[in-house]
Amino acid sequence: VPEGKEIYICSYAYMDGGRFVQVTAAMDAIIRRIERHRKEKVTLVYIDTPTHPCVVPALCKTQADRYFKDAPLFQKLCQMLGVLKPNIHIPIREMKNRLICDQLSVFQGPNYAIAKLMQRMRAMKHYLGGGKVSMSVGPAAATYSVLHSSSAAIAMKYLHKFAPNRCFLVETVKPLLFMFLVYDIKNLKSKANSCKNSTPTDFFGSVIENAWHGGTWSSAYSLRSTGNVIAAYYLIERYGKFGLIALFTAGIIGAMTLVRKR
């Protein structure tokens with residue numbers, strides 16, 4: 001890249017398991033080396049995940065409460081039995097109209113969470129140092145890395161049962177996330193470009209500006225608690241009345257176990 005020209009570093013690499021942490025560390029090493037030589041001309045580009053503790057608008061809590069109130073009867077019964085847990089929104093004293101939404105996904109494993117945290121820390125450090133950062137939050141998508149796991153494929157198929165969550169096609173997600181990137185780069189008024197004399201509040205504001213969470217932040221229920229309910233939807237759809245009988249039997253056994261413990 002010629003001297004004086006801006007460099008855009010897109011940290012898009014992904015690998016399964018612990019290799020995701022390793023490849024993230026490798027990308028970070030490249031960024032650190034380039035930053036030392038051309039800090040004023042480097043823009044970092046990331047795609048963040050909504051299935052992690054995130055700073056979100058307070059409106060998400062209002063929407064989650066509405067979806068919780070209007071949830072289907074079956075989900076309300078599961079919630080009464082302690083199977084489904086409400087979405088978690090935690091107030092932030094230092095940030096007006098902002099909350100922490102804890103939708104950390106145990107399904108994706110600890111390596112995914114660690115790698116995404118590493119990316120966030122690098123992005124924040126760069127932004128607070130006056131560098132440009134385009135970090136767009138992408139929704140659940142039917143990518144190969146997700147669908148090659150049969151359990152993940154089933155989870156994505158029934159995600160829409162928990163309004164307003166949706167799993168989007170890759171053909172939909174890719175062009176829209178690219179538009180977010182172009183907006184950040186070309187619009188001088190975007191929060192990604194407002195990095196001079198910035199604060200952590202400004203950084204999280206830049207992430208929220210391009211957040212397409214796919215319903216995760218406004219969901220009635222914590223996605224960590226939906227696994228057993230998704231399995232129930234799967235059994236009923238695939239095995240019909242036999243699946244319903246198996247589900248009913250499992251429910252009776254679970255209720256009896258709870259009564260004995262008490």
Side-chain angles (χ1 to χ4, degrees), residues 1-52 54-55 105 108 111-148 167-196 198 200 202-214 216:
V1 179
E3 289 293 331
K5 297 294 184 179
E6 191 164 2
I7 298 176
Y8 299 92
I9 305 178
C10 301
S11 298
Y12 290 164
Y14 173 81
M15 301 182 78
D16 285 339
R19 291 180 297 174
F20 188 28
V21 177
Q22 294 173 335
V23 75
T24 298
M27 292 187 291
D28 195 68
I30 293 171
I31 290 169
R32 280 183 291 143
R33 182 172 180 82
I34 295 175
E35 276 184 328
R36 283 198 294 266
H37 297 284
R38 305 183 60 159
K39 185 174 182 180
E40 295 299 321
K41 293 292 183 179
V42 176
T43 295
L44 304 186
V45 182
Y46 296 96
I47 296 177
D48 201 13
T49 175
T51 53
H52 208 280
C54 298
V55 176
S105 172
Q108 292 169 306
N111 292 302
Y112 186 86
I114 292 170
K116 283 300 180 182
L117 181 60
M118 290 168 62
Q119 293 180 3
R120 284 187 184 179
M121 293 300 99
R122 174 57 60 189
M124 178 182 285
K125 185 177 185 299
H126 188 77
Y127 190 86
L128 297 183
K132 296 179 184 178
V133 176
S134 172
M135 178 171 265
S136 301
V137 175
T143 62
Y144 172 77
S145 63
V146 172
L147 298 185
H148 79 281
C167 178
F168 294 87
L169 295 175
V170 175
E171 293 80 3
T172 302
V173 174
K174 286 174 65 176
L176 287 175
L177 290 182
F178 180 72
M179 288 172 63
F180 293 162
L181 172 59
V182 172
Y183 170 83
D184 280 343
I185 293 172
K186 295 299 183 181
N187 185 358
L188 298 180
K189 294 183 179 180
S190 72
K191 293 186 182 297
N193 279 294
S194 306
C195 48
K196 301 298 182 182
S198 57
D202 298 324
F203 170 74
F204 289 117
S206 73
V207 177
I208 290 172
E209 184 177 45
N210 285 347
W212 179 17
H213 55 85
T216 302

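You'll find the side chain of V207 stays beyond 4.5 Å of the side chain of V55, heavy atoms only. Two residues are said to be in side-chain contact when any heavy atoms from C-beta on lie closer than 4.5 Å; L128 and P200 meet this criterion. Counting heavy atoms from C-beta on, the side chains of T24 and S11 never come closer than 4.5 Å. Side chains of V45 and Y12 form a contact here, defined as non-hydrogen atoms less than 4.5 Å apart. A 4.5 Å side-chain heavy-atom check between M179 and L176 finds at least one atom pair inside the cut-off.
Salt-bridge formation is not detected for the pair K125/E35: no Lys NZ or Arg NE/NH1/NH2 atom is positioned less than 4.0 Å from an Asp or Glu carboxylate oxygen.
Within a 6.0 Å radius of NZ in K116, more than 12 heavy atoms belonging to other residues, nucleotides or ligands are found. Atom OH of Y8 is surrounded by more than 12 heavy atoms from other residues, nucleotides or ligands within 6.0 Å.
The two residues V23 and A13 have their closest heavy-atom pair at CG2-CB, 3.7 Å. Minimum interatomic distance between P175 and V170 (heavy atoms only, all atoms of both residues): CD-O, 4.2 Å. Taking all atoms of both residues into account, the shortest heavy-atom contact from G138 to P50 is O-CD, 3.1 Å. K132 approaches H126 most closely through the heavy-atom pair O-CD2, 3.2 Å. Contact record, C54 with R120: SG-NH2, 3.0 Å, taken as the closest heavy-atom pair. Considering every non-hydrogen atom in both N193 and D184, the closest pair reads ND2-O, 2.5 Å.
The distance from atom CZ of F203 to atom CD1 of I208, rounded to the nearest 0.5 Å, is 10.5 Å. Rounded to the nearest 0.5 angstrom, M135 CE and F180 CZ are separated by 14.5 Å. Atom CG of residue L117 and atom NE2 of residue H52 lie 5.0 Å apart, to the nearest 0.5 angstrom. To the nearest 0.5 Å, atom CG of residue L177 and atom OG1 of residue T172 are 10.5 Å apart. Note that CG of L44 and CG of D28 are 9.0 Å apart. Values are rounded to the nearest 0.5 Å. To the nearest 0.5 Å, atoms OG1 (T143) and CZ (F168) are separated by 14.0 Å.
The backbone N or O of V137 lies less than 3.5 Å from no partner atom in the side chain of H213, so there is not a single donor-acceptor pair. Panel note: side chain S198, backbone Y127; a donor-acceptor pair is recorded below 3.5 Å.
For the residue pair E209 / S190, no side-chain donor-acceptor distance below 3.5 Å is found, with atom types taken as modelled. Defined by atom type and a distance below 3.5 Å, a donor-acceptor pair is present between the side-chain atoms of T51 and Q108.
Under the 30°/60° scheme for interplanar angles, the aromatic rings of Y112 and F20 are found to be tilted.
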